[in-house]
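A note on names: the letters A, B, ... follow the listed sequences, proteins ahead of strands, and every chain is numbered from 1.
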Amino acid sequence: MPFTLATWNINSVRLRAPLVARLMEEQAPDILCLQECKCPVEKLPLEVFAPLGYTHVVARGQKGYNGVAILSKLPLEDAGSVDFAGLGQARHVAARLENGVLLHNFYVPAGGDVPDRAANEKFGQKLDFLTEMRDAFRASRPERSILVGDLNIAPGEDDVWSHKQLLKIVSHTPVEVDHLAAAQEAGGWVDVTRAHIPEGKLYSWWSYRARDWDAADKGRRLDHVWATPDIAGAAGDSRILRPVRGWDQPSDHVPVLARFDL
DNA sequence: ATGGTTGGCCCCCAA
């Protein structure tokens with residue numbers, strides 16, 4: 001059963017429901033994982049998505065902030081959510097596909113502006129969230145699993161526009177990169193996007209605060225598709241849809257896609 | 001070193 005998968009931080013799914021519909025029409029991924037829906041589950045605009053074939057939904061939400069949703073053409077079973085770091089925020093949800101694959105949709109905390117847990121509580125929460133992800137994968141090594149989402153960390157030198165200039169910027173500090181690597185290694189997760197596109201700069205996010213995001217091109221790869229080694233070989237056709245950043249009233253993130261031949 | 005933009009919501013917080 002081959003299927004295509006997309007992950008996209010939508011930054012308000014109600015405001016950008018037309019953009020989600022456009023992606024569904026133009027790319028038709030079988031499964032679309034959204035982050036930063038910014039609304040309770042009962043306010044998701046599902047009436048926009050259902051006519052396009054996305055009738056299966058597994059989601060967690062809250063008013064105003066965070067929120068994760070899996071919209072699917074394929075049947076899904078809710079596989080629960082974990083409150084990593086005890087924040088009480090809607091940042092994770094999992095779903096089981098009919099072929100047994102377990103799909104995790106994550107929205108890792110951004111972590112505030114100051115990369116110091118003594119001075120900035122949010123940074124500590126981000127590190128704790130990643131540590132608890134690591135511990136969960138250690139306690140129960142995932143199999144036949146896919147993990148996607150806005151992990152809010154650009155791990156590699158070619159995942160940012162300037163490695164040197166971002167070393168002290170939250171999302172690319174060594175301590176964050178180490179914490180993400182520990183979570184990745186604990187699960188044995190393969191970075192599917194980088195496995196397929198090993199060379200060159202690769203970004204999925206460009207700040208709203210640039211005069212010309214395209215010309216300046218000061219991007220970061222914050223959005224990821226991972227898979228466990230037993231199914232990573234079935235993944236192919238990874239793509240990051242840069243042109244979506246140029247759509248009207250865009251999210252600051254663009255969709256990241258992959259196909260799985262399972 | 002600083003400022004720049006966006007979204008949600010109760011006039012400020014988070015990103």
- Query: Can you tell me how far CG of A:L222 sits from CG of A:D150, rounded to the nearest 0.5 angstrom?
  - Reply: 6.0 Å
- Would you please indicate yes or no on a ring centroid separation below 6.0 angstrom for A:F137 and A:W189? yes
- Item | Length of the CG-P vector between A:N11 and B:dC13, whole Å | 19 Å
- Separation between the C1' atoms of B:dT2 and B:dG7, rounded to whole Å: 23 Å
- Note on the structure: Taking for A:N152 and for A:R16 the nucleotide of DNA chain B with the nearest heavy atom, the one nearer the 5' end belongs to A:R16
- Task: For A:Q89 and B:dA15, give me the distance from atom CD to atom P, rounded to whole Å.
- Result: 8 Å
- Take the protein atom CD of A:Q62 and the nucleotide atom P of B:dG8, then report the distance between them rounded to whole Å. 14 Å
- Using the C1' atoms only, state how far B:dC12 lies from B:dA1, rounded to an integer number of Å. 25 Å
- Message: Is A:K122 close enough to B:dA14 that one of its side-chain N or O atoms is under 4.0 Å from OP1 or OP2 there?
- Response: yes
- With C1' as the reference atom in both, quote the distance from B:dC10 to B:dA14 in angstrom, rounded to an integer. 15 Å
- Item | Any A:K63 side-chain nitrogen or oxygen under 4.0 Å from OP1 or OP2 of B:dC10 | yes
- Message: Counting the atoms with a prime plus P, OP1 and OP2 as sugar-phosphate, which does A:R91 contact under 4.0 Å by heavy atoms, base, sugar-phosphate, or nothing?
- Response: sugar-phosphate
- Whole-Å distance separating the NZ atom of A:K38 from the P atom of B:dG7: 8 Å
- Rounded to whole Å, CG of A:N9 lies from P of B:dT5 at a distance of 20 Å
- Heavy-atom contacts under 4.0 Å between residues 166-179 of chain A and DNA chain B, which residues? none
- Over how many whole Å does the gap from A:Q35 atom CD to B:dA15 atom P extend? 14 Å
- Message: Considering only residues two or more places apart or on different chains, which pairs with a residue in residues 157-177 of chain A satisfy ring-ring contact (aromatic ring centres under 6.0 Å, His included)?
- Response: A:H163-A:H172
- Provide, to the nearest angstrom, the distance between the CD atom belonging to A:E36 and the C1' atom belonging to B:dC13. 13 Å
- Query: Counting just side-chain N and O atoms, does A:R211 come under 4.0 Å of either OP1 or OP2 of B:dT5?
  - Reply: no
- Query: Would a distance-only check, ignoring hydrogens and angles, find a side-chain to backbone donor-acceptor pair under 3.5 Å from A:N11 to A:D252?
  - Reply: no
- Item | Between B:dG3 and B:dC9 - C1' atom distance, rounded Å | 24 Å
- According to a strict under-4.0 Å criterion, is A:R14 in side-chain N/O contact with OP1 or OP2 of B:dC9? yes
- Query: Taking CG from A:L19 and C1' from B:dT6, how many angstroms apart are they, rounded to a whole number?
  - Reply: 14 Å
- Message: ring-ring contact (aromatic ring centres under 6.0 Å, His included), that's the test. Do A:H92 and A:F84 meet it? Break it down for me.
- Response: CA-CA 8 Å; A:H92 169 257; A:F84 294 95; 5.4 Å; yes
- Does NZ or CZ of A:R22 lie under 6.0 Å from the centre of the six-membered ring of A:W247, at an angle within 45° of the ring axis? yes
- Task: Please identify each residue that fulfils salt bridge (Lys or Arg N to Asp or Glu O under 4.0 Å) with A:R141, with sequence neighbours left out.
- Result: none
- Message: Nearest 0.5 Å, please: how far is CD1 in A:I153 from CG in A:L130?
- Response: 4.5 Å
- With rounding to whole Å, what would you report as the distance between B:dG4 and B:dG8 at their P atoms? 22 Å
